[in-house]
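First the structure, in the form of structure tokens, and then the observations on it.
As the structure is a prediction and not an experimental result, all values here were calculated from the model.
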Amino acid sequence: MTVAAVAAALLAPAHASAAAIAQPPVVTTDNETPVLYDDEAGGNASGDDPAIWVHPTDSRKSVVIVTAKEGGLRVYGMSSRELQSLPATEAPRTDTVAGRYNNVDIAYGLHLAGRRVDVAVVSDRYNDQLRFFVIDPAGAAARTPLTEVTAADQSFLFNPDREAVEGEQTVYGLAVWQPRPGETYGVVTQEGTTRIATVRIVEIDGKLGYTDIRQLVMPSSFRLPNGMAWVPCEEPGVLPQLEGVAVDQASGVLYAAQEDVGLWRLQLPLGPRSRPTLVDRVKDFGIHDVYDSETEECKPVDPNAKGYGGNLLTADAEGVDIYYGRGSVGYVLVSSQGDDTFAVYQRQGTNRAVGSFRVTGVGGVDDINGSDGLAVTNRPVGKYRQGLLVTHDEPETGPDVDEERDATNFSYVSWGDIARAMSLTVDSRAGNDPRFR
């Protein structure tokens, strides 16, 4: 299934609003996780993507699970204290290598070995597969909140063999989709290409694996309103990739951020109904660039050129998640990594742009910069009674941070504070968790 190009008629109008053009409102945070260092001394831990697991009866026991790439996984409590550190171990396969964990999401209520379990699903780039970790029902009160339950010798998601996997165009972004009881899917993207795939998550010999891999090739070339074709500038051999993905569990709509293009929506399951629509575009959409091999950067052919972009997203467009309200009410959040802001769109209808905000640190916590992955829940968790946003921060800075090392971490932001700053809805009764539907 291939979408080779997108005509101008398919492109939704670039979102423009007073909220988008005005200076974004600022919210604050005083809660962040311990710093991770991407070097040998720090275990090559580089933060990337978070997920929030909500405890069903005691919100204080909820946890945040994050990927640290070659550094594995970290589990934090609601006060951001580290509860568990899991290394990126070798995958359970005959041709195994140590993992590199890129993105994470939560699957609720899976059947495994005669019981129902909640699971952290993780994309492993070095093995081009998914990994699965059962979440202890005690959550933050558990001695070991996560335990791996990945079935042996799972198929590569995008490559035919180990030699191809070593080229590193492997599984990248990840979201979980649970359309009905007893059905759980993973939605994944491929690094360096425009491919999206879905897999069905199943029990295999008392472990978890997957089957039924379906793929869709998203656009890499675009027809502009002036009739010209535009291809986003990338390094040689690389296409405009997608990473951040999130699925609206009520409607089956997939939201996907194509880093140098913008925010897409398409209907799941992948098939004839999966006609993608570009909800919003990055600000320099349509500006022709050329790749400079010396600087390894893209530069505009005409520095004065005007493109056809929107007002909210500055490339790269990164993390995506959904804040749920009743019915179709709610919001789609996107990390605008290029200008350290977060774009907000309505969940219903054509996903009208609401505006954007930025986050500054107080009480010794630094500002959020260069955010990659994010996760949001509308459920009360710990002291965050109106919901919680967790977002990646890079570089992590501050008086206790070694500025000579590549430092990252994650910050917790109250949804109530965001809602007040932007006049957004607060609704803690609905959600994507099947236990609360």
Side-chain angles (χ1 to χ4, degrees), residues 11-27 29 49-50 173 175 232 240 242-248 253-266 276-286 307-325 329-360 367-378 387-394 411 413-415 417-425:
L11 302 182
H15 286 298
S17 68
I21 297 170
Q23 188 69 18
V26 174
V27 297
T29 178
D49 188 52
L242 305 96
E243 182 177 6
V245 284
V247 182
D248 188 321
V253 171
L254 168 67
Y255 294 95
Q258 193 169 14
E259 294 179 356
D260 294 323
V261 176
L263 177 67
W264 293 93
R265 60 172 289 159
L266 65 151
T277 299
L278 195 52
V279 173
D280 200 7
R281 313 166 210 163
V282 296
K283 293 176 184 178
D284 59 357
F285 183 98
Y308 299 91
N311 296 306
L312 292 182
L313 297 175
T314 300
D316 292 343
E318 289 282 354
V320 182
D321 206 359
I322 299 168
Y323 178 92
Y324 289 88
V329 174
Y331 306 98
V332 181
L333 275 66
V334 183
S335 298
S336 177
Q337 190 179 68
D339 64 357
D340 306 324
T341 64
F342 299 88
V344 182
Y345 304 87
Q346 288 184 344
R347 179 180 162 221
Q348 68 268 39
T350 59
N351 305 114
R352 184 182 68 82
V354 177
S356 62
F357 64 94
R358 66 177 67 252
V359 182
T360 62
D367 300 347
I368 295 177
N369 302 294
S371 175
D372 198 321
L374 60 79
V376 66
T377 180
N378 68 316
L388 172 66
L389 168 70
V390 178
T391 177
H392 167 259
D393 180 20
E394 183 178 11
S411 294
V413 187
S414 164
W415 179 261
D417 291 346
I418 297 169
R420 281 187 289 275
M422 298 190 64
S423 300
L424 304 179
T425 295

Quick check: does any side chain N or O of Asn378 sit under 3.5 Å from a backbone N or O of Tyr324, one acting as donor and the other as acceptor? yes
If I take atom CG from residue Asn369 and atom CG from residue Asp393, how far apart are they, to the nearest 0.5 angstrom? 5.5 Å
Can you tell me how far the CG atom of Asp284 sits from the OG1 atom of Thr314, to the nearest 0.5 Å? 8.0 Å
Interatomic distance, CE@Met422 vs CG@Asp417, rounded to 0.5 Å, equals 13.5 Å
Using 30° and 60° as the class boundaries, would you call the ring planes of Tyr331 and Trp415 parallel, tilted or perpendicular? tilted
Compute the ring centroids of Phe342 and Phe357, then answer whether they are less than 6.0 Å apart. yes
Going from OH on Tyr345 to CG on Asp280, what distance comes out if it is rounded to the nearest 0.5 angstrom? 3.5 Å
Donor-acceptor contact below 3.5 Å, side chain Ser335 vs main chain Asp372: yes
Counting C-beta onward and ignoring hydrogens, is there a side-chain heavy-atom pair between Asp260 and Asp316 closer than 4.5 Å? yes
Closest heavy-atom contact between Gly244 and Val320? O-CG2, 3.6 Å
The reported gap from CG in Asn351 to CG in Asp248 (rounded to nearest 0.5 angstrom) is 9.0 Å
I need the minimum non-hydrogen distance between Val27 and Val413, along with the two atoms involved. CG2-CG1, 3.9 Å
State whether the side chain of Asp321 and the backbone N or O of Val376 hold a donor-acceptor pair below 3.5 Å, judged by distance alone. yes
Can you pull out every salt bridge (charged side-chain N to carboxylate O under 4.0 Å, His left out) where at least one residue sits in residues 332-343? Sequence neighbours excluded, please. Lys283-Asp339
List the atom of Trp264, the atom of Pro276, and the distance in Å for their closest heavy-atom pair. CE3-CB, 3.5 Å
Donor-acceptor contact present, side-chain Glu243 to main-chain Gly173, <3.5 Å: no
Expected output: side-chain Arg281 to main-chain Tyr308 donor-acceptor under 3.5 Å: yes
Compare all side-chain heavy atoms of Ile418 with those of Tyr323 and state whether any distance is below 4.5 angstrom. no
One should read off an interatomic distance between Glu259 CD and Leu313 CG, to the nearest 0.5 angstrom, of 12.0 Å
Strictly by modelled atom types, are Ser371 and Thr391 linked by a side-chain donor-acceptor pair under 3.5 Å? yes
I need the minimum non-hydrogen distance between Gly349 and Arg265, along with the two atoms involved. O-NH1, 3.0 Å
So, does Arg347 use its side chain to make a donor-acceptor pair with the main chain of Val329 at under 3.5 Å? yes
So which atom in Val261 and which in Pro232 form the shortest heavy-atom distance, rounded to 0.1 Å? CG2-CG, 3.7 Å
Taking all atoms of both residues into account, what is the closest heavy-atom pair of Ala343 and Ser356, and its distance? CA-CB, 4.0 Å
